[in-house]
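Written out below as structure tokens is the structure these notes cover.
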Amino acid sequence: MRTGIFVGTFDPFTIGHASIVRRVLPLFDRLVIGIGTNERKKCMLSREERLDAITVLYREEPKITVKTYTDLAVDFARREGAQYIVKGVRTVADFEYERIQADINRRIGNIETLLLFAEPQLESVSSSMVRELKNFNRDIKEFIP
């Protein structure tokens with residue numbers, strides 16, 4: 001069984017994230033969306049709110065499971081029996097960061113990383129941008145699936 005994990009903080013889960021899920025799903029028998037939690041990071045949504053929102057979004061898709069984790073992505077992948085980590089890339093800066101992470105994950109966890117480039121119309125959509133708009137009481141509906 002080919003299992004991949006799509007990991008991130010997903011605070012919040014955006015239409016960019018949903019695009020990555022839609023595009024990568026045909027590659028796997030099982031996709032686990034892993035919501036990483038870091039107690040040092042201040043989040044807009046609680047871990048439970050993020051878990052509930054993403055679970056509801058994919059409740060009709062039997063290939064998708066949504067879970068939280070608090071350790072390294074490679075350790076989460078090992079527990080889930082995943083052979084691949086899936087990440088989205090919007091910019092050159094994203095690419096460089098993810099390339100380094102992929103190298104480390106391969107070295108310490110013997111796991112490959114698949115990078116999917118953002119669709120052009122979604123390159124500017126990020127969780128931090130959505131949080132900023134929300135902070136200024138702007139409507140964020142168009143950025144949330």
Side-chain angles (χ1 to χ4, degrees), residues 1-134 140-145:
M1 177 180 279
R2 284 184 323 261
T3 301
I5 60 168
F6 179 37
V7 294
T9 53
F10 305 122
D11 183 40
F13 193 84
T14 70
I15 57 176
H17 297 128
S19 167
I20 298 295
V21 170
R22 175 181 46 77
R23 293 165 45 216
V24 79
L25 195 57
L27 301 178
F28 297 106
D29 300 308
R30 177 172 173 255
L31 180 66
V32 181
I33 299 174
I35 303 167
T37 58
N38 180 339
E39 300 304 320
R40 294 173 286 168
K41 186 175 179 182
K42 174 80 169 97
C43 289
M44 178 179 82
L45 300 171
S46 72
R47 173 182 17 208
E48 293 75 25
E49 288 172 315
R50 289 177 279 156
L51 179 65
D52 291 346
I54 301 169
T55 300
V56 166
L57 184 62
Y58 294 108
R59 68 183 172 272
E60 302 293 324
E61 177 49 66
K63 290 170 58 171
I64 295 178
T65 306
V66 185
K67 297 185 176 184
T68 62
Y69 68 99
T70 58
D71 51 352
L72 293 173
V74 293
D75 296 327
F76 178 62
R78 187 175 302 113
R79 281 194 308 279
E80 294 300 321
Q83 299 84 23
Y84 302 94
I85 296 174
V86 174
K87 298 294 292 221
V89 176
R90 295 175 298 117
T91 65
V92 172
D94 285 353
F95 176 80
E96 282 301 319
Y97 176 80
E98 296 300 347
R99 184 186 61 77
I100 292 166
Q101 291 299 309
D103 182 49
I104 296 300
N105 288 336
R106 189 179 317 102
R107 291 173 79 176
I108 69 171
N110 195 30
I111 190 164
E112 289 296 331
T113 300
L114 299 178
L115 299 179
L116 268 71
F117 293 98
E119 294 179 272
Q121 70 274 18
L122 300 175
E123 287 176 350
S124 63
V125 177
S126 69
S127 292
S128 56
M129 179 272 302
V130 173
R131 286 192 307 272
E132 185 75 2
L133 290 173
K134 179 78 171 163
I140 60 170
K141 288 183 195 129
E142 71 178 284
F143 303 110
I144 305 296

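Between the CG atom in Leu133 and the NZ atom in Lys141 there is a gap of 13.5 Å [rounded to 0.5 Å]. The distance from the OG1 atom of Thr14 to the CD1 atom of Ile140 is 10.5 Å, given to the nearest 0.5 Å. Atom CZ of Arg131 is separated from atom CE of Met44 by 7.0 Å, given to the nearest 0.5 angstrom. The distance from atom CD of Glu132 to atom OG of Ser126, rounded to the nearest 0.5 Å, is 10.0 Å. Considering NE2 of His17 and CD1 of Ile144, their distance stands at 9.5 Å, rounded to 0.5 Å. Distance check, rounded to the nearest 0.5 Å: CZ of Arg47 to OG1 of Thr70 gives 7.0 Å.
Here Leu45 pairs with Asp11, Pro12, Glu49, Arg50 under the side-chain contact (heavy atoms from CB on, under 4.5 Å) rule; sequence neighbours left out. With sequence neighbours excluded, no residue satisfies side-chain contact (heavy atoms from CB on, under 4.5 Å) with Ser124. Residues that satisfy the ring-ring contact (aromatic ring centres under 6.0 Å, His included) test with Phe143, not counting sequence neighbours, are absent from this structure. For Ala53, there are no side-chain contact (heavy atoms from CB on, under 4.5 Å) partners, not counting sequence neighbours. Residues satisfying the side-chain contact (heavy atoms from CB on, under 4.5 Å) criterion with Ile15, sequence neighbours excluded, are Leu122, Val125, Pro145. In this structure Ser127 satisfies the side-chain hydrogen bond (donor to acceptor under 3.5 Å, both in side chains) test with no other residue, sequence neighbours excluded. Every residue meeting the side-chain hydrogen bond (donor to acceptor under 3.5 Å, both in side chains) condition with Arg99, not counting sequence neighbours, appears here in chain and number order: Glu96. The salt bridge (charged side-chain N to carboxylate O under 4.0 Å, His left out) search around Glu119 returns Arg22, not counting sequence neighbours.
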Exercise for the section: Evaluate side-chain contact (heavy atoms from CB on, under 4.5 Å) for Val24 paired with Phe6, printing each intermediate quantity in order. Expected result: CA-CA 9 Å; Val24 79; Phe6 179 37; 5.7 Å; no
Problem - Worked check of side-chain contact (heavy atoms from CB on, under 4.5 Å) between Phe13 and Val21 - result: CA-CA 11 Å; Phe13 193 84; Val21 170; 4.0 Å; yes
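Arg2 and Pro26 get closest at one heavy-atom pair: NH2-O, 4.3 Å. Minimum heavy-atom separation, Ile5 to Ala73: CD1-O, 3.7 Å.
Remark: side-chain polar atoms of Gln83 are paired, donor with acceptor, to backbone N or O of Thr3 under 3.5 angstrom.
Screening residues 71-82 for side-chain hydrogen bond (donor to acceptor under 3.5 Å, both in side chains), with sequence neighbours left out, gives Arg30-Glu80, Lys67-Glu80, Asp71-Arg79, Asp75-Arg78. Evaluation of the ring pair (Phe, Tyr, Trp, His ring centres under 6.0 Å) test over residues 82-106, restricted to residues two or more places apart or in two chains, returns Phe28-Tyr84.
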Exercise answer: donor-acceptor pairs, residues 54-62 side-chain atoms, under 3.5 Å, sequence neighbours excluded:
| from | atom 1 | to | atom 2 | distance (Å) |
| --- | --- | --- | --- | --- |
| Thr55 | OG1 | Leu51 | O | 2.7 |
| Arg59 | NH1 | Val56 | O | 2.6 |
| Glu61 | OE2 | Lys63 | N | 3.0 |

Give every donor-acceptor pair under 3.5 Å between a side-chain atom in residues 106-117 and any protein atom, sequence neighbours left out.
| from | atom 1 | to | atom 2 | distance (Å) |
| --- | --- | --- | --- | --- |
| Arg106 | NE | Glu112 | OE2 | 3.4 |
| Arg106 | NH1 | Asp103 | OD1 | 3.4 |

